[in-house]
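Data first, discussion second: the structure below is written as C-alpha cells.
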Amino acid sequence: MWIELAYPLLMWALLPLGLHAWWMSRRLGLLSKPRRFTALGMRLFLLTLLLMALAGARWTRQSEELKVLFLLDESESIPAQQREYATTFIQKSLEQMTTDDKAGIIVFGADSAVDRVPEDSRTLAPIKSVVEKSRTNLAGAMSLALAVFIGESQKRIVILSDGNQNQGDAVDAARAAATAGVAVDVLPLTYHNRNDVILEKTIVENRVSLDEPFDVRVIATSTRATEARLTILQDGKPIGTQNVRLEAGKKNAFVAPTQVKDAGFHTFEAVLDAPGDSIPANNRGFAFTYGQGNPRVLLVDGDEKPNDSLPAVLISEKIDVQRIRPDALPQNIRDFQSYDAVIFNNVAAGDITNDQMLIIENAVHSLGMGFMMIGGEHSFGAGGYNDSPIERIMPVEMEIKNEKVMPQGALVTIIHTCEIPEGEMWAEKIVMAALDALGPRDLMGTLYYGYPGGESWLFPLQEVGNKGRLRGLIKTIQPGDMPNFDRTLQMAYDALAPSTASVKHVVVISDGDAAMPTGSLIAKLRKAQITLSTVVINPHNPQCATVMQQAAKDGGGNFYDVKAYNKLPQIFIKEAATVRKSLIFNDPFLPVTKQQSPILSGIGKGLPVLGGYVGTTKKDLADVPLETDKGDPLLATWREGVGKTVAFTSDAKDRWGAQWVTWNQYSKFWAQAVRWCLRPPNNPNYQVQMDIEGGKGKITIDAVDAAGNFKNFLDIKGKIISPDNKPLDVGLKQVSPGRYEGDFPVEKPGTYMLGGTAAENSSAAGDLVTGGAALSYSPEFQDSRSNDAFLSQLADISKYGRRLDDASPVFLHNLPSRADPTPLWPWLLALALPTLLADIFTRRVLVGWSDIGAGWAWVQENIFRRRRVGETTSGLLDVKRQVREQAEQQREDFLASLKTIKESSGGESPVEQAGPRPPEKKVFKPVSPVDAARPRQSSGGSEGVTGQLLKARERARKKDEPKQ
Amino acid sequence: MRSCFQSFIHPGTFGIVRGALLIAALAWALAPCGCGGGKARTDEPMIVGSRGRDPGRFSFPRGIDVASDGRIAVADRTGRIQILSPDGKPLKQWFMPKFDNGTPTRLLFDSSDPATTTLLVVDTHNSRIMRYSLDGVLVQQFGKYGTNPDEMIFPTDIAVDASGTMYIAEYQDKHDRVMVYGRDGGYIRQFGDFGEEPGKFQRPEGIVFVPPGRLIVADTCNDRLQVFDLSGKLLEVWGSTGKAPGQFNYPYDLAVDKQGRIYVAEYGNNRIQVLDQTGRSVAVFGGPGPEPGQLGNPWGVALTAAGDKVWVADTLNHRLQKFDVKRTVQPLIAKQ
C-alpha cells in the first residue's frame, strides 16, 4: 500500500506558492512569531493538500482479482473432436472460478473477436462470434487479448490451439505479453493425422484448340501408401475416373486425356478419394484452359415465356448462345469467363444477389466481358437496379432526372425482426436494400416497435432525396417485440392514403408471433389502393405462416416464407421496385437518331415504332445513338474499364418491339449491338501462365509478335479479382526476352482471375490478356499434425506461463498482483476545507493561551460550576504570567507617573516615549480568585522618587517568588 | 457575544468566515451529487437479478408467480424455470425439455389441490401446458398444436378455479379464445372468438381467476380487460386505448389480491395499474426507464398471498422488482 501521484511534477508548484505564502505571512507582522509560523504552516499544509489532489494522488493497494482470457482457436485445421475438448475444458475451468475471478473468451482464426468480455458468470454460453476460419493468426488474437485487459488485476491468457499458425508471429506477441506482466498458459489441442492424401497440383495447358486432345496432369502426395480413386471433372461434369496407387513420401503423377468442343473458358477439377483419409478438404484441385472458337453469349431471360427472336438472330450470326433463367446465373467469376458477353433480358434486380452483381461488375471492368441490358417491366429502374453495382457499369442512370413531373411511388416497411438471430442487423440490411432501389423522388417510411415509445416511425413517409440522412437513421434501428400489426398498419394507412403517390405499397416482415389485425383493416388498405406484401421468417409454426399468407392475399401483394436469411435483401429490393412502375412508359413512339454508332452502321433512317420503354437518364460520358421522343435514352453505350456495356431501354420481343421483330434490319441491328460489346478474342500472341504456390500467386506472360519474335518493352498491367470479388492492381516486369512476370498475394482459397492489357507504351490501347488460377484449399490443411512444441515455446517465454493439461487449475492466483489505485482527491478536499477554515482562523481570530485558559476557567465556573480551590501547574503558570503582566502594567503606570512628574518639573524625562504604541494586545483580564486575593498596590507614595523606585523594585521581586 | 469577540478579532474576519462557511456548505451539498449519492428518498423497490444465464440472473423474464409460502417462480427466454426464495435468492432451476422453437411465457402456482402445490407452465411456442412439482419433476402435460377446437396454437396464460379446472387464453388461429380444461388435462369447452366486439379477443395475453367465480381476461391487442363468469358469459368490459388512468396499452398480465383489487402489467405503457373490484383505476406506478421503480415492457405481475408485495417481471431490464404495497400503492390509492 502506498500513495502515488499521477503528475508528480505538479508538486514543484509548491515552491513558488510556498514562497508566496511566506512572503504574505510577513505582512502579518502584527502577530506574534508563533502565530505567524502557525499561519504559514496552515497555509503550506493547505497548498500541499490541494496540489496533491490536483496531482492525482492515488492510494494503491494489492488486488486479488484475477482476469483470464481464453483464446479459442476456431481455424479449420482443428478437428471437431479437439474443438469439443477445448470447450469442455473452458466450461470445467469456469466452474472453478472464485468470487475474485473474471473470465473472458476470444475466438480466432484469420481474425479474432471477443466473444465474451471478462465477467464472473460461471456458465459457458454458446459461442456466437464468427471469425474467418481459413487461417490461423494467433499473434493477432494475443494482441487483442492484451488490449482487452483493462484495469489493474492479475492477468492470464490461456491459448487453446493446435499451434499451426500461418499468419503473424505469436512469439513476438508472447514477448509483449511477458513485458505487460501477463502470464501465457497453453493447452495444446493435439492431433496427428496419420492418413492424409494431398492433391498438390492440377496442370492443364493455358490455350487449346477445339477438338484437339490434351492431357490433364495431377500431382499428389500421401503420408502412407494407399489406393485411391481419381476423378476428373470438366466444366462440372465427370469425364473419367481411374483407380490409382499412391506411394508414401514422394510426388505421384497421373494424367487424364481429354479435349474441348466449345470455345471459351473451361474449368477442370480433380478429386482424389482415398479410404481413411482424415482431411478430405485438401484432395481437390482446379485448372483452367481457353478454347479458341466462336464467341459465346449468356442470355438471361426474365420473361416467363421467353421470346426466341433475339437468340435466333445471334445463332444465325455464328454467336453461340446459352439461355438461362435468372436463378441459374453463375455464382463464380470463373464461370463467367466462359462468356464473351452477358445479356439481361427483362431481369429484375431482386432475382439475383448483390454478390452476383459485383461479380458481373468485376468481369466487365477488369476482365473485359461485355454486358447488355434490354428493357421490360422488370428492367432498369423499374427492376430495382437503382444504386446497384449494375447501375455503376451501365451508361445510364436508373432514374429520370428530367424536369418533367414524374409520378412518385410510396413504400412503407414494417419491421418485426427482434426474434430472429441478429435481428437488428437484418432489419438494417433489408431497409437499406429497399431504400437503395427507390428513386430520389419516391417516398419511403419505416415503422417498428421502439422503447419506450412503442409503435413509431423510424423515419416518417417522406421523399427519399439523396438518401444519406435516411441511411444514418436506418443504422440506428432497434426493432422491439411488436404485439400485433394493427397499430402500425393503421399508421401506414394514415400516411399513405392522403399521399399523391401513384403507387402505394406496404411490406411487413415478421417471425409470426405478432398477430395480424382483423380483415377490415386490410380491406381498408385495398380500398385506398394500397397493396400489402408479407414476409415471414423462421415462423414458430405453420399457422404463423398461414396467417401472414392470408394477409398478403387479402392485401393484393406477395407472400414470402424465407428460410435463408441472405435472400431477404433481394426480396425487399423486389418489393421496393414495385413502386417504381412509374418509370415505365407504355406509349408508342418513334426512335430519334442522335449520333452515329458502329451499331447503327448500314442501318438507314426509318427505324420502326416502339411500343414503350423504361425511363433512364444518360450519364455524362455515355454515347446515346438513339433517343425516345421524350428525349430519354433508347440506345446507350460506353466503355467500362476494359469491357463495354450497352443499354436498350425498349425490348427486343413483340411486346414493345412488335414492329421491330418484323423489321428487315432487326437482325443486323442486334447482331451489331451484341458484337460491339463482345470481349475481344484471346490474343494468341500471349501465353499466360498463372500459379499459386507458397501463399503467393505468380503470373508469367510470354509475348511474341505475328512473326514469332519476342515482344519486348511492353507495358503490361491489369487487375486480379480475388475470391471475395475484390480487384487488386498488379503490374508485370520484363525478366527475359519476351517474358514478363508479376505476383500477387493469396489469402483465401478460391479462384483468382487476371484481366489485363499489354500495350506498346502506357498511352496506346492494349491487347487483352486474361488468365486464372485457383487455390484449392486453405493453408490450414497443409499440416497433418499439431505443433505442441511451438505452444510450449510460447508458454516458456513468460515467467509464469504453463503448459496445461486436463486437470490443471486455470485460476491460479500466483501472479505478482497489481495494485488497484483509488483516487484520493475526495479525502484531500475534505481535509482541505477545515484546514482552510483553520488557516483563516489562525490569522484573523486572535485567541491567545491566556484566553483559552480564561475561557476554560469560565467554562469550569459557569458550566461545570466548579470552583478550584487549589492550583494546578497550569494554574500556577497562569498566575506567573498574570504577575508578569501586572508588573508590566505597573511599570507603565510608574513611567507614566514619572513623565507627569517630569513634565510638572519641566525637565527631561529619563525615559523616552517611543511613540504611540500600537494597540498590540488588548488583554482581556478576567477576575481570578488569585487576583482578587492580592491587594492592589498603589503607585504613588510619600517616600520620594528614588525611595519609590526602590520600593517598587522590592515589591516586584517579592511578587516574582512563587506563592505557596 | 459578538461585541465580546470584536475586541480581539480583526475587522473583516466575519465576512471571510461567513464566505468560507458558505463555500464549505456548498461543497458538502454538491459533493454527494458528484460522487453518485443523492438517491431518491422515496421507497425503493427491491431489485432481483440482472442480465445473464446464471442462477439468479435472467434474460427477458416474462412469467412470474408467487407461491403461498412466498417462493417465486420465473420463466425467461433462456428456457429455464427458476425458483427463488421470498427475498430473491436462487433456490432451484431446470430447463424446459424443448425450447429451440421458443420459450414459455407464463406460469402459475396451482394450489387448488390441498394435498400438493404444483407449478403450471404455459409452453407457448410448443402449444402445450406442462405441470411440474416444485422440485422440477414433470407430472402432467397436455395440449396439442392444431386448428381443431380442442387444439391450440399459442397458449398465453392460465388460470385455475377452486375445483382445479383450468382456463387457458390462446391466440393465432383467428379464433382467439379461452379454452377450458379439466384437472385431468382433458379438454372440456371454450368461449370467445377473434375480433373487436365485446366478448371477442385479439391476442389475449392474460387471464386470472377471481374467487368465487369470475375470470378476468387481459384482451391485449384490444387494450381492454373483459370480465366473465366461469361459464363464459360476458359480465363487464373495462378500459380503452391510452395512457390515462383507466386506459391501457397492451395489458399483458393480471394479478388479484384478497380485496379483489386487480393489478395489471401494461407492456406498452411500461407500468402497473391497479383497479378496484369495479374496474375503476385507483393507482398507477412504474413508467419507462432503467432506474429502480421504472419498468421496461413488463410481461408479468404477481402478488404474495397476503397481498402485501407486488412482484413484477421487468422484462426489458432483465430483472424482477418487488414493490411494497403499503409504501408504493397505498399512498397512491389514498390520493384518489
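Each chain gets a letter, A, B and so on, in the order the sequences are listed, and its residues count up from 1.
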So which of A/Pro517, A/Ala125, A/Ala514 has the biggest tally of heavy-atom pairs under 4.5 Å with chain B? A/Pro517

Tell me whether A/Lys102 is salt-bridged to A/Glu119, with the criterion being a basic N under 4.0 Å from an acidic carboxylate O. no

Would you mind telling me which of A/Ala515, A/Pro542, A/Gly453, A/Cys544 has the largest number of heavy-atom pairs within less than 4.5 Å of chain B? A/Pro542

Does any backbone or side-chain atom of B/Tyr250 lie under 4.5 Å from a heavy atom of chain A? Answer side chain, backbone, both or neither. both

Of the backbone (N, CA, C, O) and the side chain (C-beta and beyond), which part of A/Asn538 lies under 4.5 Å from a heavy atom of chain B, both, or neither? neither

Given heavy-atom pairs under 4.5 angstrom as the criterion, report whether the side chain, backbone, both or neither of B/Asp173 touches chain A. both

Can you say whether B/Gln202 sits under 4.5 Å from chain A via the side chain, the backbone, both, or neither, judging by heavy atoms? side chain

So, B/Lys200 and B/Asp193, do they make that salt bridge, N to O below 4.0 Å? no

Centroid separation B/Phe154 to B/His125 less than 6.0 Å: yes

Heavy-atom proximity to chain A below 4.5 Å, by part of B/Thr78: neither

Whether A/Asp120 and B/Arg57 form a salt bridge (side-chain N of Lys/Arg under 4.0 Å from carboxylate O of Asp/Glu) is what I want to check. yes

Just give me the residue among B/Thr220, B/Asn126, B/Asn249 that pairs up with chain A most often, heavy atom to heavy atom, under 4.5 Å. B/Asn249

Can you tell me which portion of A/Glu455 sits under 4.5 Å from chain B's heavy atoms? Options are side chain, backbone, both or neither. side chain

I want to know whether B/His318 and B/Phe60 have ring centres closer than 6.0 Å. yes

Per-residue contact mode, B/Asp223 against chain A (heavy atom under 4.5 angstrom): side chain

Go through B/Cys221, B/Gly52, B/Gly268, B/Gly287 and name the one with the most non-hydrogen pairs under 4.5 angstrom from chain A. B/Cys221

Does the ring centre of B/Phe248 sit less than 6.0 Å away from the ring centre of B/Tyr267? no

Most contacts with chain B, counted as non-hydrogen pairs under 4.5 angstrom, among A/Glu419, A/Arg122, A/Gln543, A/Met516: A/Gln543

Applying salt bridge (charged side-chain N to carboxylate O under 4.0 Å, His left out) to B/Arg62 and B/Asp314, what does each step give before you reach the verdict? CA-CA 8 Å; B/Arg62 297 193 283 199; B/Asp314 189 3; over 6 Å; no

Chain A contact via B/Arg53 - side chain, backbone, both or neither, heavy atoms under 4.5 Å: both

Around A/Lys92, counting heavy atoms of other residues, nucleotides and ligands shown, do more than 12 lie under 6.0 Å from its NZ? yes

Heavy-atom count around B/Lys98 NZ within 6.0 Å, excluding the residue itself: above 12? yes

Looking at A/Asp486, A/Asp481, A/Leu829, which makes the most heavy-atom pairs under 4.5 Å with chain B? A/Asp481

If you measure from the Lys or Arg side-chain nitrogens to the Asp or Glu carboxylate oxygens, is any gap between B/Arg106 and B/Asp253 under 4.0 Å? yes

Under 4.5 Å from any heavy atom of chain A - which part of B/Thr147: side chain

